[in-house]
Amino acid sequence: MKTAGSPQITSLPDLLAIAWKIEADAVERYTVLADQMEVHNNTELAAVFRDLARAEGLHRDEIARQAGDIDVAQHAAKVAKWKKGDSPEEVDMSSAHYKMTPWHALQMALAGEKRALAYFEEVVATTKDPKIKEMAEEFVEEEAEHVNLCHRLLRRYPAPSGEAWKDDPDPAVGQE
Ligand code: ZN
């Protein structure tokens, strides 16, 4: 994957800040997706997404701890800049509408995880700093697990047949 617009890592704090941002955005994404699945009374997927939000949240906080004195949020605001459309967090949440099926929710989750994975893989492939490489490899491992989890879930929630989901005659209430 060519990611010319992704932020360049020149130090370990850069990597930590960017990883922190990716995790923080994942927490937000999974929270939105869990809410959506609750609207659909899909308690299984809602629980899966809540678990993922919690796991990414723990990882985000762990990264902040690893960064020590560095304010990762502040540093992220400086270095975690993607070219529009290339950012792992820029999964289009506007399509998280009330007719979203489990399959759609999982596609969004998968897209976010894949972009995060591709980003860390790129860091591993391009950095010359062994410390950055070692840490990025850990992130690759974690994101690869999340990608696999999404794929496993997608086997249980295949794409809705036809386009019938678009014409839901009885939309869930309480959504704008
Ligand atoms: Zn992840």
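Note that this is a predicted model, so its numbers are computed, not measured. Counting starts at 1 for both ligands and their atoms, in listed order.
Judged as a ring pair (Phe, Tyr, Trp, His ring centres under 6.0 Å), and not counting sequence neighbours, the contacts of Phe139 are His59, Phe120. For Asp35, the salt bridge (charged side-chain N to carboxylate O under 4.0 Å, His left out) criterion is met by Arg50, not counting sequence neighbours.
Heavy atoms from other residues, nucleotides or ligands lying under 6.0 Å from CD of Glu62 number more than 12.
Taking the Zn ion (ligand 1) as reference, Glu56 places its N/O/S atom OE2 nearest. The closest approach of His146 to the Zn ion (ligand 1), by N/O/S atoms, is made by ND1.
Distances from the Zn ion (ligand 1) show that Glu145 has no N/O/S atom below 2.8 Å. The Zn ion (ligand 1) lies at 2.8 Å or more from every N, O or S atom belonging to His59.
Rounded to 10 degrees, the OE1-metal-OE1 angle spanning Glu143 and Glu113 at the Zn ion (ligand 1) equals 80°.
Linking ILVMFWY residues whenever their side-chain heavy atoms come closer than 4.5 Å, directly or via other members, leaves Leu117 and Val27 in distinct clusters. No path of Ile, Leu, Val, Met, Phe, Trp and Tyr side chains, each step under 4.5 Å between heavy atoms, connects Ile70 with Ile132, placing them in separate hydrophobic clusters.
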